[in-house]
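In what follows, residues are counted from 1 in the order of the sequence shown.
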Amino acid sequence: MLKLYLYGYLNRVRSSRRLAAEAARNLELIWLLRGVRPDFRTIADFRRDNRATFKAVFRAFVLLCRKLDLFGRELLAVDGTRLKAVNSRSRNFSRERLATYLAAADARLERYLIELDQINRGEDGAGTVLADTLATKIARLHEQRQASAALLGQLEDSSEGQISLTDPDARLMVAHSKVTVGYNAQVAVDARHSLIVEQHVTNACNDMGLLASTVGAAMDALGFERIDAVADMGYHSGDDIVACEAAGITPYIPRPHRGTAVGNGLFPKERFRYDPDADAYHCPGGQVLDTSYASVTRRHLSVQYSSPAACAGCQIKARCTTGRWRRINRGKHDTPIERMAARLAKRPGILLIRKSTVEHPFGSIKQWMNQGAFLMRGLEKVRAEFSLTALAYNLRRAITLIGVPGLIRAVQA
């Protein structure tokens, strides 16, 4: 059964019904399965019942590639992609969407009731046909409103921000201006041959906070205690950077420009140089911002630096701030973030390596393997499905690198 699924995933056949048909007519599969012709229910049940095992099979093949010295084990590129779930956008609801619908439904009900009252009093001359039509609309709208109110109650009772009806674990996600209901597939790819070292699927709507756990699992598979990891700015998180350094991971993540300063054409925070000896900032105008006071922002303690006297007579103040003076916030994670920025400045080409490394698996999976959407429902089943996808991708890469005879000898050994 595992051979059947691997053959199917390598040849763009994932449906259990299509696999059952191929097992009865495809000469390659007839030879591979030695004449066994399972029906589609047996095939589907195998993938469902063994969903916890496919990750172990993927890990076993990673260890085989490690013995074959196919990993460089020097640099890992990490990224995530959004894959569509078996759930349409019309069957996904957020609190805001439900609240908006309930308000609109109440307004429509009020309007229908006023019209129905006018008909009953004979003010508009309409007959009973219009009254029956309105009564039907009111009853149907009442049912829809009760169902929406029940969904909103479920969201209020839980900590989730949205709910999906077809696949309860799927979430509404935005990627490259496209909105879809799906899952977030994370991969850690070795830079030597673009082989996937670690993969997992989550329903987190963004990549923030996923770097340390993903690279940590990849390090366990490679048997290394220290490694470099590069990711895009979506992974930039102070907590995650600190966790990476504590785990022996040297992260390379470009810093995103958050806030309104850069959007308004003002100097970014990077233009302000921090002097740890003087505990002060040097601004682009050559002034020292040494007036500091502590503040709590989003439950995080930070220190703000400013110099009202220097800002008052500054010649380039219009390019720095729209207020009376500029405040520079420094949190507890700014020191490791600055260390990472210095490393990144010494290796600017590492970002191009990341793109060419990690986009290769995603392009192959979505285009060559035609797997831009999941077939199964539920997070655990989806994880099993993606484990098969990643295993098929690595198998194809290994065949390309060492050939079929070499891989057969390695498996037999």
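Within the structure, every pair that satisfies the salt bridge (Lys or Arg N to Asp or Glu O under 4.0 Å) test and touches residues 206-216, not counting sequence neighbours, is listed here: Arg82-Asp207. The side chain to side chain donor-acceptor pair (under 3.5 Å) analysis of residues 367-380, with sequence neighbours excluded, yields the pairs Gln371-Thr389, Glu380-Arg383. Evaluation of the ring pair (Phe, Tyr, Trp, His ring centres under 6.0 Å) test over residues 265-290, restricted to residues two or more places apart or in two chains, returns Tyr274-Tyr281, Tyr281-Tyr305. Here side chain to side chain donor-acceptor pair (under 3.5 Å) pairs that include residues 391-400, with residues two or more places apart or in two chains, are His360-Tyr393.
When the shell of 6.0 Å around CD of Gln315 is examined, it contains 12 or fewer heavy atoms from other residues, nucleotides or ligands. More than 12 heavy atoms of other residues, nucleotides or ligands shown are found within 6.0 angstrom of NZ on Lys317. Residue Arg111 qualifies as enclosed at atom CZ: its count of foreign heavy atoms under 6.0 Å is above 12. Shown here is Arg339, whose CZ atom has more than 12 heavy atoms of other residues, nucleotides or ligands within 6.0 Å.
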Where do Thr180 and Arg89 land on the side chain to side chain contact (heavy atoms under 4.5 Å, CB included) test, with the steps shown first? CA-CA 7 Å; Thr180 184; Arg89 289 184 59 185; 5.9 Å; no
Test side chain to side chain contact (heavy atoms under 4.5 Å, CB included) applied to Leu151 and Leu165, step by step: CA-CA 10 Å; Leu151 291 176; Leu165 300 184; 3.8 Å; yes
Would you check, one step at a time, whether the test side chain to side chain contact (heavy atoms under 4.5 Å, CB included) holds for Glu160 with Arg171? CA-CA 10 Å; Glu160 299 291 340; Arg171 294 294 179 266; 3.3 Å; yes
Just do the side chain to side chain contact (heavy atoms under 4.5 Å, CB included) check on Asp190 and Leu76 with the steps written out, would you? CA-CA 5 Å; Asp190 185 79; Leu76 292 176; 4.3 Å; yes
Quick one, Arg330 with Thr335, criterion side-chain hydrogen bond (donor to acceptor under 3.5 Å, both in side chains). Give me CA distance, side-chain angles, the key distance, then yes/no. CA-CA 9 Å; Arg330 185 173 185 82; Thr335 299; 3.2 Å; yes
Run the numbers on Asp106 and Arg145 for salt bridge (Lys or Arg N to Asp or Glu O under 4.0 Å), then give the verdict. CA-CA 8 Å; Asp106 290 338; Arg145 191 193 182 285; 2.5 Å; yes
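In this structure, the side chains of Ile138 and Leu109 come closer than 4.5 Å at one or more pairs of heavy atoms. Put simply, the side chain of Leu19 does not reach to within 4.5 Å of the side chain of Arg14, judged on heavy atoms. The closest side-chain heavy-atom distance from Leu289 to Ile328 is below 4.5 Å. A heavy-atom distance below 4.5 Å is not found between the side chains of Val86 and Met376. You'll find the side chain of Pro308 stays beyond 4.5 Å of the side chain of Arg324, heavy atoms only. Between Leu2 and Leu388 there is a side-chain heavy-atom pair separated by less than 4.5 Å. His333 places none of its side-chain heavy atoms less than 4.5 Å from the side chain of Ile241. Between Leu4 and Pro38 there is a side-chain heavy-atom pair separated by less than 4.5 Å.
Between the side chains of Thr42 and Asp45, not a single donor N or O lies within less than 3.5 Å of an accepting N or O. A donor-acceptor contact closer than 3.5 angstrom is absent between the side chains of Thr321 and Arg327.
The CE atom of Met173 sits 10.5 Å away from the OG1 atom of Thr81 when rounded to the nearest 0.5 Å. Distance check: Glu245 CD to Arg226 CZ gives 9.0 Å after rounding to the nearest 0.5 Å. To the nearest 0.5 Å, atoms SG (Cys314) and CH2 (Trp325) are separated by 15.0 Å. The CG atom of Leu33 lies 6.5 Å from the NZ atom of Lys3; values are rounded to the nearest 0.5 Å. Here the straight-line distance linking atom SG of Cys244 with atom CD1 of Ile253 works out to 6.0 Å at 0.5 Å rounding. In this structure, CD in Glu225 is found 12.5 Å from CD1 in Ile249, a value given to the nearest 0.5 Å.
Taking each heavy atom of Asn206 and Asn184 in turn, the nearest pair found is O-ND2, 3.6 Å. Closest approach of Val189 to Pro361, counting heavy atoms only: CG2-CG, 3.8 Å. Nearest heavy-atom pair, Ala390 versus Gln199, reported as atom, atom and distance to 0.1 Å: CB-CG, 3.7 Å.
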Using distance only, find each side-chain donor-acceptor pair of residues 342-356 under 3.5 Å and give its atom names and separation, not counting sequence neighbours.
unit_1	atom_1	unit_2	atom_2	d
Arg343	NH2	Pro251	O	2.9
Arg347	NH1	Asp228	OD2	3.2
Arg347	NH1	Tyr252	OH	3.4
Arg354	NH1	Asp79	OD2	3.3
Ser356	OG	Leu352	O	3.2
Ser356	OG	Ile353	O	3.1

Report all side-chain donor-acceptor pairs from residues 57-72 shorter than 3.5 Å, counting only partners two or more places apart or in another chain.
unit_1	atom_1	unit_2	atom_2	d
Arg59	NH2	Glu198	OE1	3.1
Arg66	NE	Leu222	O	3.4
Arg66	NH1	Ala221	O	3.1

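Val174 pairs by the side chain to side chain contact (heavy atoms under 4.5 Å, CB included) definition with Val179, not counting sequence neighbours. Tyr7 meets the ring-ring contact (aromatic ring centres under 6.0 Å, His included) test with no other residue; sequence neighbours excluded. Every side chain to side chain contact (heavy atoms under 4.5 Å, CB included) that Pro268 has, sequence neighbours left out, goes to His257, Val262, Glu270, Arg271. With sequence neighbours excluded, no residue forms a salt bridge (Lys or Arg N to Asp or Glu O under 4.0 Å) with Lys381. By the ring-ring contact (aromatic ring centres under 6.0 Å, His included) test, Phe386 pairs with no residue at all, sequence neighbours left out. Applying the ring-ring contact (aromatic ring centres under 6.0 Å, His included) rule to Tyr5 yields no partners; only residues at least two apart in sequence or on another chain are considered.
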